[in-house]
Amino acid sequence: MGIRKKPILVLFIMICFASVKAQYTDSIAAENIYTSSGKLITRELSPQKIFFSHASFVIPAFMIAYGFSALKIDPLQDLNEEFREELWIEHSHNKVNIDNYLQFVPAAAVYGLNIAGVNGKNNLKDRSVIYFISNVFLNTIVSSLKSASKEQRPDGSSYKSFPSGHTTEAFASAEFLRQEYKDISAWYGIAGYATATATGLLRMYNNKHWLSDIVAGAGFGIISTKLAYWIYPAIKRVFLKNISTIPVLY
């Protein structure tokens with residue numbers, strides 16, 4: 001790769017993993033309370049008071065903003081072309097289809113770990129409903145934007161390039177894995193995000209997406225799962241009162 005392209009690709013990978021670190025460091029929520037005598041007391045919030053941390057949305061929001069910007073800003077479009085030229089035109093190769101399956105690996109790992117006896121945060125029904133809600137969000141977002149943006153794919157096969165659906169699914173699955181097992185080990189989330197990043201890179205390797213499609217897809221995927229964890233307690237209180245565990249998003 002040229003001098004200009006290497007830092008950007010490294011930056012994309014660093015952003016993906018920085019989002020994991022930012023979300024882990026934001027896992028403890030507390031509030032400061034002053035007594036009548038003016039003494040400051042800090043206490044952890046109860047699960048009912050914890051909704052989501054705004055700070056953990058900053059990086060995925062930045063990734064989405066980058067993707068939208070690349071639809072109109074010439075230098076970012078030039079960067080998309082440069083990546084395509086390097087990955088496909090100058091080094092032509094046969095396409096692979098592993099990305100069609102890799103996008104679901106983090107989510108499959110959640111159920112596989114549970115079968116192996118490593119229990120996550122929620123029971124089978126809770127986590128399945130959360131994952132379903134996440135996919136409703138991401139599929140609605142991706143389908144709507146693909147139709148509205150009409151961005152042509154690098155290989156010219158269609159006008160549904162933005163954002164990358166595979167990458168959105170992969171990062172939604174990675175955040176799902178992180179949420180379920182972050183209290184056990186940070187490495188589960190790191191492994192999930194590594195798999196999701198590989199999925200995004202393979203979409204460019206296969207000449208199916210631009211760099212900006214991948215970056216935006218990653219942001220949409222993370223936010224879709226975060227919103228699913230946030231909204232689920234309310235859904236459960238109204239429709240699923242018989243389920244015992246209420247997940248909390250940190």
Side-chain angles (χ1 to χ4, degrees), residues 7-24 26 51-81 83-84 99 103 106-107 131 133-154 159-179 189 192-204 208-231 249-250:
I8 298 296
L9 182 57
V10 172
L11 178 62
F12 166 59
I13 296 173
M14 289 177 64
I15 286 173
C16 294
F17 284 96
S19 64
V20 181
K21 181 178 180 182
Q23 292 161 43
Y24 272 106
D26 198 44
F51 297 107
F52 62 85
S53 168
H54 296 285
S56 67
F57 281 75
V58 172
I59 291 177
F62 170 80
M63 299 169 84
I64 292 170
Y66 175 91
F68 275 112
S69 298
L71 294 174
K72 298 295 183 181
I73 299 177
D74 289 340
L76 297 182
Q77 292 178 352
D78 292 341
L79 191 60
N80 282 340
E81 292 285 357
F83 266 93
R84 176 177 180 267
D99 48 329
Q103 60 181 318
Y131 186 54
I133 295 171
S134 173
N135 273 268
V136 169
F137 284 149
L138 72 87
N139 280 291
T140 300
I141 292 169
V142 169
S143 297
S144 299
L145 288 177
K146 281 182 180 292
S147 298
S149 65
K150 293 180 171 58
E151 181 76 357
Q152 187 176 29
R153 292 184 186 273
Y159 286 85
K160 294 184 177 182
S161 188
F162 180 84
S164 167
H166 283 66
T167 307
T168 304
E169 179 64 54
F171 276 86
S173 297
E175 178 64 11
F176 178 51
L177 174 62
R178 188 191 78 84
Q179 284 290 333
Y193 270 73
T195 303
T197 301
T199 301
L201 295 175
L202 283 171
R203 296 305 286 165
M204 290 191 292
K208 298 299 291 186
H209 282 288
W210 307 103
L211 173 65
S212 55
D213 301 335
I214 303 303
V215 175
F220 283 124
I222 295 168
I223 285 179
S224 292
T225 296
K226 282 183 168 295
L227 290 177
Y229 273 89
W230 173 60
I231 199 173
L249 175 61
Y250 297 94

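- In this structure, E151 CD and K160 NZ are separated by 14.5 Å, a value rounded to the nearest 0.5 Å.
- With rounding to the nearest 0.5 Å, the separation of OG1 in T167 from CG in L201 is 8.5 Å.
- Atom OG in S161 sits 14.0 Å away from atom NZ in K150 (nearest 0.5 Å).
- Judged by distance alone, the side chains of E81 and Q77 never bring a donor and an acceptor atom under 3.5 Å apart.
- To the nearest 0.5 angstrom, I222 atom CD1 is 12.0 Å from S173 atom OG.
- Residue T225 comes nearest to S134 through the heavy atom pair OG1-OG, 2.9 Å, listed as atom of the first residue, atom of the second, then distance.
- In this view, Y159 satisfies the ring-ring contact (aromatic ring centres under 6.0 Å, His included) rule with no residue, not counting sequence neighbours.
- The heavy-atom pair separating D99 from T199 by the smallest distance is O-CG2, 4.0 Å.
- Ring orientation note: the planes of F171 and Y193 are nearly perpendicular, at an angle over 60° on the 30°/60° scale.
- To the nearest 0.5 angstrom, S212 atom OG is 13.0 Å from I64 atom CD1.
- Atom OG1 of T140 and atom CG of L145 lie 10.5 Å apart (nearest 0.5 Å).
- Under the side chain to side chain contact (heavy atoms under 4.5 Å, CB included) rule, L211 has a single partner from M204, R84, R203, which is M204.
- Considering every non-hydrogen atom in both I214 and H209, the closest pair reads CD1-CB, 3.8 Å.
- Taking 4.5 Å as the limit, some side-chain heavy atom of P154 sits within range of a side-chain heavy atom of W210.
- Checking side-chain atoms of H166 against main-chain N and O of G200 turns up no donor-acceptor pair under 3.5 Å.
- Summarising the geometry of G192 relative to P106, their closest heavy-atom pair is O-CG, 3.8 Å, with the distance given to 0.1 Å.
- Evaluated for a side chain to side chain contact (heavy atoms under 4.5 Å, CB included) with L138, the options I141, N135, V136 yield exactly one hit, N135.
- With contacts defined as side-chain heavy-atom distances shorter than 4.5 Å, the pair F137/I223 does not qualify.
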